[in-house]
Amino acid sequence: MSVDEDPAVPYVPPADATEARRVQEELRSRVDLVGPGPAAPATVAGLDVAYAQDGVLLAAAVTVLDAVSLAVVDEAVCVGRPAFPYVPGLFAFREMPALLAALDRLTVRPELLVCDGHGLAHPRRFGLACHLGLVTGLPAIGVGKTPLVGSWTGPGPERGDSADLCDEGDVVGRVLRTREGVRPVFVSVGHRMGLDNAVERVLALTPRYRLPETTRTADQLCRRALASAVVSGGDLDRR
DNA sequence: GCGACAG
DNA sequence: ATCTTGTCGC
């Protein structure tokens, strides 16, 4: 899958945190928060990254699932180094180069991206899911396991119960109970999606577990890839 | 000034 | 993110 079919928004690695924040402020206005996005996508991709050796080595994985059967129909990985230190709010710059490389290795161009991190629910309204959506041109959703910004009340205890995630007067996402009796997840729009549809898509991907099937398969894949990279020396330049 | 802070 | 066994509960 070519990442630059729509060269409107190239990925530019920032030199420092100040520049990174400037990039986010510049790109935030180009995010499509309305969508509504695909209501019945044929394929959905999950993206995740695993780390080893004190965070100096990483593996980024993308899995593409049939949206109905949830079977994996394509997958790709990229082993590399973090491209940026971990700074809350600048998380995307750490993982994006490896994720984009993995996306480029796909055979199938997925109709939707489900990212392991927030989209709009970000201090500058431009989290990983927004950035990935903009650079790939694909509809994207952010699904976080813990909050970054915002407050909420509830949600109820049943699968499907949800509550608005609010930050500084904005509804930036939804706190969604994907399974009864488990902690909720934090869903936000990444790009070319509406929040209601994003929530529907996440529910369709969580028939059994708290996290979307997409992120679960991607998580397994990047852990596997990382483990084999470590045993074979962990030396990237010689592989 | 003091915490909080996606993965 | 990652380091990590058993254990409480459905």
Side-chain angles (χ1 to χ4, degrees), chain A residues 14 17 20-21 23-24 27-28 31 46-62 77-100 102 113-134 140-152 157-159 165-168 170 172-191 195 198 202 208-212 214-227 229-231 234:
Chain A
R21 292 188 187 93
V23 168
Q24 293 180 329
L27 295 180
R28 56 183 291 182
V31 171
L47 302 87
D48 193 23
V49 176
Y51 294 84
Q53 309 195 339
D54 258 319
V56 303
L57 191 65
L58 64 72
V62 186
V77 298
C78 172
V79 176
R81 310 271 184 204
F84 204 82
Y86 173 67
V87 179
L90 302 181
F91 173 58
F93 299 101
R94 184 171 176 75
E95 303 190 339
M96 270 191 70
L99 286 170
L100 291 172
L113 262 32
V114 177
C115 311
D116 67 317
H118 299 99
L120 241 202
H122 175 278
R124 285 168 295 282
R125 306 293 179 260
F126 194 74
L128 172 69
C130 300
H131 211 152
L132 272 171
L134 215 50
I141 298 173
V143 180
K145 296 182 284 292
T146 62
L148 173 61
V149 297
S151 57
W152 67 95
E158 301 297 318
R159 164 174 159 84
L165 177 62
C166 304
D167 183 48
E168 310 203 311
D170 300 328
V172 298
R174 199 156 297 155
V175 185
L176 175 67
R177 190 91 60 188
T178 54
R179 301 297 303 164
E180 184 180 340
V182 302
R183 283 180 300 146
V185 299
F186 300 78
V187 179
S188 59
V189 168
H191 184 49
L195 183 53
V202 170
R208 171 136 195 224
Y209 299 101
R210 173 184 179 237
L211 297 178
T214 37
T215 58
R216 287 171 46 78
T217 53
D219 177 74
Q220 295 167 1
L221 178 56
C222 62
R223 290 198 196 208
R224 254 184 291 140
L226 190 59
V230 168
V231 293

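In what follows, every chain begins at residue 1, and chains take the letters A, B, ... in the order their sequences are listed. The figures that follow rest on heavy atoms only: side chains count, while hydrogens, waters and symmetry mates do not.
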Asks: Evaluate side chain to side chain contact (heavy atoms under 4.5 Å, CB included) for His122(A) paired with Gln24(A), printing each intermediate quantity in order.
Replies: CA-CA 10 Å; His122(A) 175 278; Gln24(A) 293 180 329; 3.6 Å; yes
Asks: Strictly under 3.5 Å: I want the nitrogen or oxygen pairs between protein and nucleotides 5-7 of chain B, one per line.
Replies:
from	atom 1	to	atom 2	distance (Å)
dA6(B)	OP2	Tyr86(A)	OH	2.3
dA6(B)	O4'	His118(A)	ND1	3.3
dA6(B)	N7	Gly89(A)	N	3.1
dA6(B)	N6	Gly89(A)	O	3.1
dA6(B)	N6	Phe91(A)	N	3.3
dA6(B)	N6	His122(A)	NE2	3.4
dA6(B)	N1	Leu128(A)	N	3.2
dA6(B)	N3	His118(A)	N	3.1
dG7(B)	OP1	Lys145(A)	N	2.9
dG7(B)	OP2	Thr146(A)	OG1	2.9
dG7(B)	O3'	Asp116(A)	OD2	3.0

Asks: For nucleotides 1-3 of chain B, tabulate all protein N/O to nucleotide N/O atom pairs closer than 3.5 Å, reporting atom names and distance.
Replies:
none

Asks: Could you walk me through whether Glu95(A) and Tyr86(A) pass the side-chain hydrogen bond (donor to acceptor under 3.5 Å, both in side chains) test, one step at a time?
Replies: CA-CA 10 Å; Glu95(A) 303 190 339; Tyr86(A) 173 67; over 6 Å; no
Asks: Sequence neighbours left out, what passes side chain to side chain contact (heavy atoms under 4.5 Å, CB included) with Arg179(A)? Give chain and number order.
Replies: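 Partners of Arg179(A) under the side chain to side chain contact (heavy atoms under 4.5 Å, CB included) test: Arg159(A), Val182(A).
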Asks: Mind checking what makes side chain to side chain contact (heavy atoms under 4.5 Å, CB included) contact with Glu168(A), not counting sequence neighbours?
Replies: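 Residues passing side chain to side chain contact (heavy atoms under 4.5 Å, CB included) with Glu168(A): Arg125(A).
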Asks: Mind checking what makes ring-ring contact (aromatic ring centres under 6.0 Å, His included) contact with His131(A), not counting sequence neighbours?
Replies: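 Listed in chain order: Tyr11(A), Phe93(A), Phe126(A).
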Asks: Name every residue in residues 217-225 of chain A that has at least one heavy atom under 4.0 Å from any atom of DNA chain B, in order of residue number, or write none if there are no such residues.
Replies: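 Listed by number, there are none.
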Asks: Are any side-chain N or O atoms of Ser188(A) and backbone N or O atoms of Gly119(A), one a donor and one an acceptor, separated by less than 3.5 Å?
Replies: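 At least one qualifying donor-acceptor pair exists.
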Asks: Just to verify, what does Val189(A) make a side chain to side chain contact (heavy atoms under 4.5 Å, CB included) with, not counting sequence neighbours?
Replies: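 Residues passing side chain to side chain contact (heavy atoms under 4.5 Å, CB included) with Val189(A): Leu33(A), Met193(A), Leu195(A).
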Asks: Run the side-chain hydrogen bond (donor to acceptor under 3.5 Å, both in side chains) test against Arg224(A) and tell me which residues pass, sequence neighbours left out.
Replies: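 Per chain and number, Arg224(A) pairs via side-chain hydrogen bond (donor to acceptor under 3.5 Å, both in side chains) with no residue.
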Asks: Output the rounded distance in Å from CG (Asp54(A)) to C1' (dC3(C)).
Replies: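 Between C1' of dC3(C) and CG of Asp54(A): 10 Å.
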Asks: In dot-bracket form, 5' to 3', how is DNA chain C paired? Count Watson-Crick and G-U wobble pairs only if both distances fall under 3.5 Å, and write | where the partner sits on another strand.
Replies: ..........
Asks: Note every stem involving DNA chain B: at least three consecutive Watson-Crick or G-U wobble pairs, i with j then i+1 with j-1, with both distances under 3.5 Å.
Replies: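 Ordered by first number, the stems with DNA chain B amount to none, as no run of 3 pairs exists.
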Asks: Should Leu27(A) and Arg124(A) count as side-chain neighbours, where that means a heavy-atom distance under 4.5 Å?
Replies: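 Not in contact.
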Asks: Quick one: which protein N/O atoms are closer than 3.5 Å to N/O atoms of nucleotides 5-10 of chain C? Pair and distance per line, please.
Replies:
none

Asks: Could you pull out all residues at least two apart from Val77(A) that satisfy side chain to side chain contact (heavy atoms under 4.5 Å, CB included)?
Replies: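 Testing Val77(A) for side chain to side chain contact (heavy atoms under 4.5 Å, CB included), a comparison that skips the adjacent residues, returns Ala61(A), Leu221(A), Ala225(A).
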